[in-house]
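First comes the structure, then the notes that go with it.
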Amino acid sequence: MAEIDLKGVDEIIDRYKGEEGVLIQLLLDIQNEFYWISPEAIARISDKMRIPKSQIYRIATFYKAMSLKPVGRHIIQVCLGTACQIRGAPKIMDRVEENLKIKEGATTPDMRFSLRRVNCLGCCAMGPVIVVDGKYHGKVTPVKVKDILEQYE
Amino acid sequence: MEEMPRLNSKDDLNQLRRKIVGQRDLNMPFITLCSGTACHATGSDDVAAAIEAELKKQDLTEKVGVRRTGCHGFCERGPIIVIYPEEICYLNVTPEDVPEIISKTIKEKQIIDRLLYFNSETGERMVHEHDIPFYKYQTRLVFGDNLRIDPTNIEDYIALGGYRALAMVLHEMTPEEVLEEMKRANLRGRGGGGFPTGRKWETTRNASGEPKYVIVNCDEGDPGAYMDRSIMEGNPHRVLEGLTIAAYVIGAHLGFVYVRQEYPLAVSNLAIALEQAKEYGLLGEDILGSGFEFDVKVHRGAGAFVSGESSALMNAIEGKVGEPRPKYIHTSERGVWDKPSNLNNVETYATVPLILEKGADWFTSIGTEGSKGTKIFSLVGKVNNTGLVEVPMGTTLRDIIYKIGGGIGGGKKFKGVQTGGPSGGIIPEQYLDTPVDFDELTKLGSMMGSGGMIVMDEDTCIVDLARYFVDFLCDESCGKCIPCREGLKHMREILEDIVAGRGKEGDIELLKEIAGVMKKASLCALGTTAANPVLSTIRYFGDEYEAHIKEKRCPALVCKDLISYYIDPEKCIACLKCLKNCPEGAIEGEKNKTHVIDQSKCVKCGICFDVCPPKVGAVTKISGVPVPPPVPEEEREIRKGKKNRRRGGRWQ
């Protein structure tokens, strides 16, 4: 996952040919397709779309949805929305961090997990919630964290 | 769906509606399944697959209709299915329940008691959705159609009278007449500002500059609120209809929908809706044969709270960083690409068709003096019935939380309710009878916001919560203006100190002073309202701040640095549960010997507290007093049958 196929980047750039104000949409497409935005991809966009690199970096660093680092095999999202917060989400985050020995926003050195904090997934009835690779685990307690993580290799 | 010729007139639309309705056999068994994001998370996809498989197995595919709808709102009990024509409502349905539902309820018309709503107060089981207290006390004008519509099928919306208001507006009303009606209805913006929609439209309509734009704000970055998402996912055509009406009034021919990419289902249902609306001649050139032309583009937001602010959102639509700009000139006059741009939120647009169809007089008969109509709230937190709730403006907080929300769970005491999102305020118990509308909430130091309503019980530490909001806003502040950027940072530092036991005399005054500057001098609404959670909590829960600062005590027993876990030797039954589960190996003990936490090793994760059997309740949290010294080794043994009881408690 570390290398981004620039052909794929070209295809995405072509989708937006001739349109105005598309940089954010384009970067989102690259993020969704490759899970991160590599320096090579940024160079390619800059080159093909005649947009200064500095402008692309400005956007890519401003938005939470965009990552400038490669991500691990599994993406864990711990919801820290208000509803989850008051139902004990901080304790869940603590447990995940302790188990993986990384802080939120980081990736484990073996590239197994990337850990992210999200502000509300909109399923507050299930809170506290953690999502691993799109699978929702609801009503999580600190005791359950280890078992959930062990399901993913 | 067979190929549908474009609708070229109001009559074409009416005919189509009659045709759709006429083709439907109302006596045919019909299953609707809630498939909003929350139900997706609780397994609605698996239930849908099970229904399909079971119908096939029992050879009923042709005889039973199935519809996957948007959110029904009662997220606590999802996935929800309703079986027509009897309108039997089953909650918390799992794939394992499906075969029984098909053979018993569909085939033999028998009701399965265990899947019904059970009212623990009266001991009754309820068959119909509308009898369940959660629904019974609501007025679902905007949200109610969600359960009757498959959002990916435009004909479901048309069958319920969808696009009728648009047809009427385009063929029978001038833009001025529509504007007049909207102004009379006094619909105030549902996104939080509460500005009258009619007046906003008028400003953009009268502003000089062409072209003009209309924009839907579906950014909804407010954590704990998801009503806009549920409308967009569950009934996108209603939003598009409202948007098109706005475009007609304002004279816009291009609209944008700004939707968070964190809402993938909303993005995809919206895309489908746009395509279908174009196909049916309800969007694009010559809409319904009226000569009016209007098109819509979708812009996905990339995860920035501040981008929900109008000028920031418009920057983002232009492809720039979503930061606010000074609004000496309103965006309604100079917005996207410096052209007049009207921005309303999802719920506001979704209310528009209703007003035009039923009239401003009808609309103003609902609600309070200053706030008309209904409002959807996202009722979450420590409340029994989590979900989306639509009530007339002026309904009291108590009715929303207790009658509809079913009160607080686990026998706990209500502490406060936070309205208005991170920049709102927390309202304490003595104001529970306040009628909820724009003005009343502002008077209490909070605000309506987009409609988040987060209920807290006695286990929530108010100071920690204020810290949480400030921390959130600190991350989300774009950093462009100093009062917001630096003010939040310093408030965060002070609050972090207070919850860590480093609070000092004068902190509260300093917080208030910073808040005052931020309110006066910040560039956009994020900064001017950012201090609300701090100010409202100081106002109503000052004693909790004092306890943290002066006594180094957290009354709610939440703040890690101010609490300790302790095992009461009088209650411990030496079951080994906490000992085995402690991730740090901080608990000593063995079978028949009461357990003791080694405070130097304890990381305060709280697992021992969670696993200690509730009947035993030996693990406790204490704050503000020293942990009692451990019982000497030789006294820890629990004698057969009887515990080694000492007189009196060792701590209070």
Side-chain angles (χ1 to χ4, degrees), chain A residues 16 19-29 31-32 51 55 58-66 77 79-92 94-95 98-99 116-127 129 131 134-139 141-146, chain B residues 37-38 40-42 75-78 220-226 229-230 261-263 299-305 307 316-323 337 378 380-382 386-387 418 421-422 452 454-457 459-460 465 468-469 472 475-476 478 560 581 583 603 605-607 610-611:
Chain A
Y16 292 97
E19 280 187 72
E20 239 182 309
V22 294
L23 186 53
I24 298 172
Q25 304 304 302
L26 194 154
L27 290 173
L28 273 178
D29 283 354
Q31 173 73 35
N32 290 342
I51 299 173
Q55 205 177 319
R58 170 140 159 76
I59 287 183
T61 51
F62 181 82
Y63 288 107
K64 285 225 171 64
M66 299 171 191
Q77 295 173 299
C79 181
L80 281 168
T82 318
C84 285
Q85 165 80 18
I86 65 172
R87 289 188 181 192
K91 278 188 188 166
I92 307 297
D94 283 352
R95 281 336 295 159
E98 294 239 344
N99 267 287
R116 288 187 187 155
R117 153 195 181 147
V118 287
N119 295 320
C120 196
L121 293 158
C123 38
C124 310
M126 296 171 76
V129 178
V131 180
K135 185 173 164 37
Y136 287 72
H137 301 267
K139 307 233 153 137
T141 59
V143 193
K144 283 191 202 160
V145 167
K146 206 171 162 208
Chain B
T37 295
H40 264 294
T42 45
C75 308
E76 186 74 41
R77 307 297 296 272
E220 202 171 44
D222 170 357
Y226 56 103
R229 186 196 66 196
S230 291
Q261 68 114 33
E262 291 94 325
Y263 287 176
H299 186 104
R300 286 165 297 153
F305 180 70
S307 293
I317 287 180
E318 293 175 17
K320 295 183 201 143
V321 161
E323 282 178 359
W337 288 296
S378 148
V380 300
K382 299 284 190 75
T386 295
Q418 201 257 354
I454 294 136
V455 179
M456 287 145 224
D457 67 8
D459 290 343
T460 308
L465 192 72
Y468 163 80
F469 287 128
F472 172 85
D475 277 354
E476 297 295 341
C478 73
K560 244 174 149 180
N581 278 296
V603 294
C605 67
I607 289 183
D610 292 338
V611 298

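Values below: all heavy atoms of this structure, side chains included; hydrogens, waters and symmetry mates excluded. Predicted model only: the values in this text are computed from it and were never measured.
Of all the listed residues (B:Cys75, B:Gly322, B:Ala225), the one sharing the greatest number of non-hydrogen pairs under 4.5 Å with chain A is B:Gly322. Contact count against chain A (heavy-atom pairs under 4.5 Å) is highest for B:Lys382 among B:Gln418, B:Lys382, B:Glu262. The candidate with the highest count of non-hydrogen atom pairs below 4.5 Å against chain A, out of B:Gly224, B:Gly606, B:Ala41, is B:Ala41. Contact tally against chain A (heavy-atom pairs below 4.5 Å) for B:Phe305, B:Trp337, B:Tyr263: the top residue is B:Trp337. Most heavy-atom pairs under 4.5 Å with chain A: of the set B:Gly78, B:Gly381, B:Pro422, B:Ala316, this distinction falls to B:Gly381. In terms of non-hydrogen atom pairs under 4.5 Å with chain A, the most contact-rich of B:Val380, B:Thr42, B:Val321 is B:Val321. The residue among A:Cys84, A:Gly138, A:Pro90, A:Cys124 with the most heavy atom pairs within less than 4.5 Å of chain B is A:Cys124.
When A:Thr82, A:Val118, A:Leu80 are each tested for a side chain to side chain contact (heavy atoms under 4.5 Å, CB included) with B:Pro223, only one passes: A:Thr82.
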A:Lys144 vs B:Asp610, test: salt bridge (charged side-chain N to carboxylate O under 4.0 Å, His left out). Steps then yes/no. CA-CA 11 Å; A:Lys144 283 191 202 160; B:Asp610 292 338; over 6 Å; no
Under the side-chain contact (heavy atoms from CB on, under 4.5 Å) criterion, do B:Ile454 and A:Gln85 qualify, and how do the steps go? CA-CA 11 Å; B:Ile454 294 136; A:Gln85 165 80 18; over 6 Å; no
Assess whether side-chain contact (heavy atoms from CB on, under 4.5 Å) is satisfied between B:His299 and A:Leu28, documenting all intermediate values. CA-CA 11 Å; B:His299 186 104; A:Leu28 273 178; over 6 Å; no
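Crowding of A:Lys146 atom NZ: a count of heavy atoms from other residues, nucleotides or ligands under 6.0 Å not exceeding 12.
With a 4.5 Å cut-off on non-hydrogen atoms, A:Asp94 touches chain B through its side chain but not through its backbone. Only the side chain of B:Ser307 comes within contact range of chain A, with at least one heavy atom under 4.5 Å from a heavy atom of that chain. Proximity to chain A is limited to the side chain of B:Lys560, based on heavy atoms less than 4.5 angstrom apart. Only the backbone of B:Val455 has a heavy atom closer than 4.5 Å to any heavy atom of chain A. Contact annotation for A:Glu19: only side-chain heavy atoms (C-beta onward) come within less than 4.5 Å of a heavy atom of chain B. In this structure, chain B has no heavy atom under 4.5 Å from any part of A:Gln31. Proximity to chain B is absent for every atom of A:Leu27, based on heavy atoms less than 4.5 angstrom apart. Contact annotation for B:Phe469: only side-chain heavy atoms (C-beta onward) come within less than 4.5 Å of a heavy atom of chain A. Only the side chain of A:Asn32 comes within contact range of chain B, with at least one heavy atom under 4.5 Å from a heavy atom of that chain.
Heavy atoms only, all atoms of each residue included: A:Arg95 and B:Cys605 are closest at NH1-CB, 3.5 Å. Taking both residues in full, the closest heavy atoms of A:Ile59 and B:Gly319 are given as CD1-O, 3.2 Å, listed atom of the first, atom of the second, then distance. Of all heavy-atom pairs between B:Arg229 and A:Gly122, the closest is NH2-O, 3.0 Å. Looking at every heavy atom in both residues, B:Cys478 comes nearest to A:Phe62 through CB-CE1, 4.0 Å. Across A:Met126 and B:Ala38, no two heavy atoms sit closer than the pair SD-O, 4.4 Å. Heavy atoms only, all atoms of each residue included: B:Ile607 and A:Val143 are closest at CG2-CG2, 3.7 Å.
Side-chain atoms of B:Glu476 and A:Asn119, non-hydrogen and from C-beta on, do get closer than 4.5 Å to each other. Under the 4.5 Å side-chain criterion, counting only non-hydrogen atoms from C-beta, A:Asp29 is in contact with B:Arg300.
Between A:Lys64 and B:Asp475, no side-chain nitrogen of the basic residue sits less than 4.0 Å from a carboxylate oxygen of the acidic one, so the salt-bridge criterion is not met.
Here the CD-CD1 distance, from B:Glu318 to A:Ile24, works out to 10.0 Å after rounding to the nearest 0.5 Å. Rounded to the nearest 0.5 angstrom, B:Glu323 CD and A:Arg58 CZ are separated by 4.5 Å.
With hydrogens and angles ignored, the 3.5 Å screen pairs no side-chain donor or acceptor of A:Tyr136 with any backbone N or O of B:His40.
In this structure, the side chain to side chain donor-acceptor pair (under 3.5 Å) partners of B:Thr386, at least two apart in sequence or on a different chain, are A:Arg87, B:Glu76.
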